[in-house]
There are 2 protein chains.
Amino acid sequence: MAKQFSETAHIDSVKNGIKKCFAELDTFTNEDIDAAVELITIKTLKKGEHLLREGEVSAKSYSIVSGCVRQYYLVNGEEKTTFFYTEGQSIFSPNSNTERIPVKYYLSCVEYTTLSVISLENQKEMYSRFPVLESMSRLSLQEELHNYQEMLATYITTSPEERYLNLLKFRPELLNRVPQYQLASYLGVTPESLSRIRKRILLK
Amino acid sequence: MAKQFSETAHIDSVKNGIKKCFAELDTFTNEDIDAAVELITIKTLKKGEHLLREGEVSAKSYSIVSGCVRQYYLVNGEEKTTFFYTEGQSIFSPNSNTERIPVKYYLSCVEYTTLSVISLENQKEMYSRFPVLESMSRLSLQEELHNYQEMLATYITTSPEERYLNLLKFRPELLNRVPQYQLASYLGVTPESLSRIRKRILLK
DNA sequence: TCTATACATTGACTTTGGGTAAGAAATTAT
DNA sequence: ATAATTTCTTACCCAAAGTCAATGTATAGA
């Protein structure tokens, strides 16, 4: 990823990828697809750059094409990580979007990240033009709610060590992509404790 | 709540209460309201009775009129409480409803509880007849998602003691309604630890 | 390539929570 | 009202996690 990497070429190829996704639904004509993709923009962010900061109002929905975005809160000077978004996951702040309420968290890139972005206005337009997409999004809203219900339940019912083992099982890629101190705060422990947990597990 | 308590009278008064709620929206005629309320049933449950058990498929949505419902998981013999629903809150299992997937948790009444119930079919009918209600429900779905995002974040970023203090601040009624061992598992600790936490706080 | 910085591990010590068991207090049922 | 049961508290000891400080190890920048 040095001299010969062209951002514009990258973005074009991403847009083509999205068109292919639409094509697979095969309810759309080519013109439909072009029109829909017109409503989307592609955004790339370098490692460490922020997508959103505490106090800002979100007026967009994102979907991760490649890379990793971390959600964290700043609680008296400390970053408390609450989520990692990776390929295929979408990011939106339900009530900030609809009610113009500032968010309380940060969204920061763990690595070079490519996102598809759609503004609220364009989203409305897209839904009114392609109602299928709206029902799809309602379904994914429901699924997302269900996911969060389960995540909360899992968090309440497990110890840090179990959470680390769950991470190993269900999102092993994260371990190689994310610095340990961020994983630690995601698991609800200090980096020192995570280090000890890892040691304990190795000894078994 | 003894001899002179009449269940049917209670249910009638609850239905009237609901009609008044609809009336306040004032987009409905009286016939509309009657028709809508026809689609709803009222259910009462005694303390300790279950609304839903692990393995069952939920085909209904509930809203608490009065009382308190506890959600818990059974993890190798232990009840792990993950939520308390009280007056005004609604209970539904997004993906069990739409995908017919069995739920993994229990819903049990902490005290005598009155619920309004609507089946999925009736819900569809209600939405097609009164589209306002559908957009309202989509909004509340979003809000619910936002709530869960915040709850997860809060849970990750706080200690059991802080969570207890938060409960004191934001849901103090729960402390008098819910037995401590259930609160304890909701806070992610044993009853003994909650007892110690309470003592520690008193000493400050 | 070397250096500065960030990140990870380890150790000593403190605090907090878990496990068990016993007894006190409060509820519930008879 | 009394007995039975459930719930809550306390005490003990142990394990796990927090804190602080020191030491390695990686990484990124100059």
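Just so it is clear, the model here is predicted, and its values are computed rather than measured.
- Counting only N and O atoms by type, the side chains of B:T114 and B:H10 include a donor and acceptor under 3.5 Å apart.
- In this structure, A:F92 has no ring pair (Phe, Tyr, Trp, His ring centres under 6.0 Å) partners at least two apart in sequence or on a different chain.
- Using five terminal pairs a side, the axes of the helix from C:dT1-D:dA30 to C:dT30-D:dA1 at its two ends make an angle of 60°, given in steps of 10 degrees.
- Under the rule for a side-chain hydrogen bond (donor to acceptor under 3.5 Å, both in side chains), A:Y186 has no partner lying at least two apart in sequence or in another chain.
- Rounded to an integer number of Å, the gap from CG of A:L183 to C1' of C:dC7 is 13 Å.
- Remark: B:E38 engages no residue in a salt bridge (charged side-chain N to carboxylate O under 4.0 Å, His left out) (not counting sequence neighbours).
- The pair A:R177-A:E87 meets the salt-bridge criterion, with a side-chain N (NZ, NE, NH1 or NH2) lying under 4.0 Å from an Asp/Glu carboxylate O.
- A:K19 is linked by a side-chain hydrogen bond (donor to acceptor under 3.5 Å, both in side chains) to A:D34, counting only residues two or more places apart in sequence or in another chain.
- Between atom SG of residue A:C68 and atom CG of residue A:L174 there is a gap of 6.0 Å, rounded to the nearest 0.5 Å.
- Checking side-chain atoms of B:T113 against main-chain N and O of B:E111 turns up a donor-acceptor pair under 3.5 Å.
- Residues passing the ring pair (Phe, Tyr, Trp, His ring centres under 6.0 Å) test with A:F22, sequence neighbours excluded: A:F28.
- Residues forming a salt bridge (charged side-chain N to carboxylate O under 4.0 Å, His left out) with A:E49 (at least two apart in sequence, or on another chain): none.
- For A:S195, there are no side-chain hydrogen bond (donor to acceptor under 3.5 Å, both in side chains) partners, not counting sequence neighbours.
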Intermediate values then yes/no, side chain to side chain donor-acceptor pair (under 3.5 Å), B:S137 and B:Y127:
CA-CA 9 Å; B:S137 96; B:Y127 287 162; 3.1 Å; yes
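- Counting to the nearest Å, the C1' atom of D:dT7 and the CD atom of B:Q182 are 11 Å from each other.
- Distance CD1 (B:I201) to P (D:dT9): 12 Å, rounded to an integer number of Å.
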Counting primed atoms plus P, OP1 and OP2 as sugar-phosphate and everything else as base, spell out the protein contacts along nucleotides 23-30 of chain C at 4.0 Å heavy-atom distance: B, S or - for each nucleotide, 5' to 3'.
-----S--
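- The side-chain hydrogen bond (donor to acceptor under 3.5 Å, both in side chains) test applied to A:R171 returns A:T86, A:Q89, not counting sequence neighbours.
- At whole-Å resolution of the value, OH in A:Y164 and C1' in C:dA8 are 12 Å apart.
- Within residues 169-181 of chain A, no residue has a heavy atom under 4.0 Å from DNA chain D.
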Walk along nucleotides 10-20 of chain D from 5' to 3' and tag each nucleotide B, S or - by protein heavy-atom contact under 4.0 Å, base first, then sugar-phosphate.
BSB----SBBB
